Amino acid sequence: MPQNLNKTTIDFFEMVYAVVRLIPRGRVTSYGAVANSIGTKGTSRMVGWAMNTAHAVRPKVPAQRVVNRNGMLTGKHHFGTATAMEELLKKDGVEVKNDVVVDFLKRFWDPSKELVL
DNA sequence: GCATTGACGAAGG
DNA sequence: CCCTTCGCCAATG
């Protein structure tokens with residue numbers, strides 16, 4: 001993870017936002033992966049919780065690129081409309097079918113893994 | 001300051 | 001293989 005992300009100096013939410021914003025267009029990741037990338041392994045739930053307030057943060061956090069480990073859009077309900085999250089993902093070039101990201105494994109983007117460069 | 005909760009995840013039955 | 005339970009940890013009441 002970026003050296004700027006120090007949980008001693010930066011809040012947990014800020015770290016989550018930073019990682020999520022680094023997700024490339026057309027790729028997705030999971031809450032657990034984000035949590036792991038920022039050091040706090042077992043905070044996958046809080047990652048989702050952070051996404052809840054992400055909409056109020058500038059610049060907007062692409063929370064639609066973060067799904068659960070199955071690639072399911074569990075947080076779509078928090079996007080205002082029922083199809084908002086799918087639409088955003090579709091704009092990113094990510095196909096969504098039945099609330100699940102198609103080819104999730106191929107589109108999966110591991111922050112801690114691909115961020116190291 | 002204790003109890004509940006949550007956009008999760010892994011393990012067990 | 002589906003469903004339940006448990007663990008995780010920070011925020012919230």
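Heavy atoms only: backbone and side chains are in, while hydrogens, waters and symmetry mates are out. Worth saying up front: this structure is predicted, and the values here are computed from it rather than measured. Just so it is clear: chains get the letters A, B, ... in the order the sequence lines come, proteins before strands, and each one is counted from 1.
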> Of the nucleotides dA7(B), dG9(B), dA11(C), which one has an atom closest to the side chain of Met46(A)?
Replying inline: dA11(C)

> Between dG6(B), dG9(B), dA7(B), which nucleotide has the shortest distance from any of its atoms to the side chain of His78(A)?
Replying inline: dA7(B)

> Atom CZ of Arg69(A) to atom P of dC8(C): distance rounded to whole Å?
Replying inline: 18 Å

> Does any non-hydrogen side-chain atom of Val16(A) lie less than 4.5 Å from one of Met51(A)?
Replying inline: yes

> Taking atom NE2 of His77(A) as the centre, does the number of heavy atoms from other residues, nucleotides or ligands within less than 6.0 Å exceed 12?
Replying inline: no

> How is Asn52(A) classified with respect to the nucleic acid when contacts are heavy atoms under 4.0 Å: base, sugar-phosphate, or nothing?
Replying inline: base

>> Tell me the interatomic distance from Asn70(A), atom CG, to dA7(B), atom C1', rounded to whole angstroms.
In response: 13 Å

> Among dA11(C), dA7(B), dA10(B), which is the nearest nucleotide to the side chain of Tyr31(A)?
Replying inline: dA7(B)

> Over how many whole Å does the gap from Arg45(A) atom CZ to dA7(B) atom C1' extend?
Replying inline: 12 Å

> So if you build clusters from Ile, Leu, Val, Met, Phe, Trp, Tyr with side-chain heavy-atom gaps below 4.5 Å, do Val66(A) and Val57(A) land together?
Replying inline: yes

> Which whole-number value in Å describes the distance from Phe12(A) CZ to dT12(C) P?
Replying inline: 12 Å

>> Assuming nearest nucleotide by heavy-atom distance, tell me which of Thr53(A) and Gly42(A) is located more 5' along DNA chain C.
In response: Gly42(A)

> Has the side chain of Lys76(A) got a donor or acceptor atom that lies under 3.5 Å from a matching backbone atom of Ala82(A)?
Replying inline: yes

> With a non-hydrogen cut-off below 4.0 angstrom, is Ala63(A) in contact with a base, only sugar-phosphate, or nothing?
Replying inline: base

> Please give, in whole Å, the distance from dC8(B) P to Asn36(A) CG?
Replying inline: 17 Å

>> Checking contacts here: which listed nucleotide (dC8(C), dA7(B), dG9(B)) is nearest the side-chain heavy atoms of Thr74(A)?
In response: dA7(B)

> Roughly, in whole Å, what's the span from CG in Asp11(A) to P in dA10(C)?
Replying inline: 12 Å

>> Once you apply a heavy-atom cut-off of 4.0 Å, does Phe13(A) come out as touching a base, just sugar-phosphate, or nothing?
In response: sugar-phosphate

> Is Leu73(A) close to Phe79(A) at the side-chain level, that is, under 4.5 Å between some pair of heavy atoms?
Replying inline: no

> Could you give the NE2-to-P distance, from His77(A) to dG6(B), as a whole number of Å?
Replying inline: 12 Å

>> Rounding to an integer number of Å, can you tell me how far Lys76(A) NZ sits from dC8(B) C1'?
In response: 19 Å

